Amino acid sequence: MHSNLDGLYDDFEQAQRAAVEVTDRYRDTPADDPRRASLWGEVVSRTERSATLLRRWLAETADRAPVPHLGQDQAAREPEAPATREPALAHRG
């Protein structure tokens, strides 16, 4: 099934890869490198873009998720009551 959702997820994957790549570049850049500040801005921007795309995809797919179905025998069966433990000695007062 190819749909707009597939394209949206592909966009998310691409954005995530780009965020990881720029994060790796940032991490490999020496602390005194003047490009480090702009790389950090790019890390933040690409990470936010990736997160936004993922949230959009999740919102679009939330209504399409299959609902688990219990079999009739499971739905009719009541849960077992937890075992109660009798005190060893009754308190006499």
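Computed from a predicted model, the values in this text were never measured in an experiment.
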Out of curiosity, [X] [atom1] to [Y] [atom2], how far, rounded to the nearest 0.5 Å?
X     : Y     : atom1 : atom2 : answer
Leu8  : Glu60 : CG    : CD    : 6.5 Å
Asp10 : Asn4  : CG    : CG    : 10.5 Å
Glu21 : Asp24 : CD    : CG    : 8.0 Å
Arg46 : Arg17 : CZ    : CZ    : 12.0 Å

For this session: Taking atom CD of Glu13 as the centre, report whether more than 12 heavy atoms of other residues, nucleotides or ligands fall under 6.0 Å from it.
Result: yes

For this session: Just jot down the ring pair (Phe, Tyr, Trp, His ring centres under 6.0 Å) partners of Tyr9, sequence neighbours excluded, or say none.
Result: Phe12, Trp57

List the atom of [X], the atom of [Y], and the distance in Å for their closest heavy-atom pair.
X     : Y     : answer
Arg36 : Pro30 : CD-O, 3.5 Å
Thr61 : Leu5  : CG2-CD1, 3.8 Å
Ala15 : Arg49 : CB-CG, 4.2 Å

For this session: Give a yes or no on whether Val20 and Trp40 share a hydrophobic cluster (residues Ile, Leu, Val, Met, Phe, Trp, Tyr; joining criterion: side-chain heavy atoms under 4.5 Å apart).
Result: no

Exercise. Who are the side chain to side chain donor-acceptor pair (under 3.5 Å) partners of Asp33, not counting sequence neighbours?
Worked result: Arg35

Problem set entry | Sole candidate of Thr23, Val44, Thr29 that passes side chain to side chain contact (heavy atoms under 4.5 Å, CB included) when paired with Leu39 | Thr29

Exercise. Taking NZ, NE, NH1 and NH2 as the nitrogens, is one of them in Glu42 or Arg25 under 4.0 Å from a carboxylate oxygen of the other?
Worked result: yes

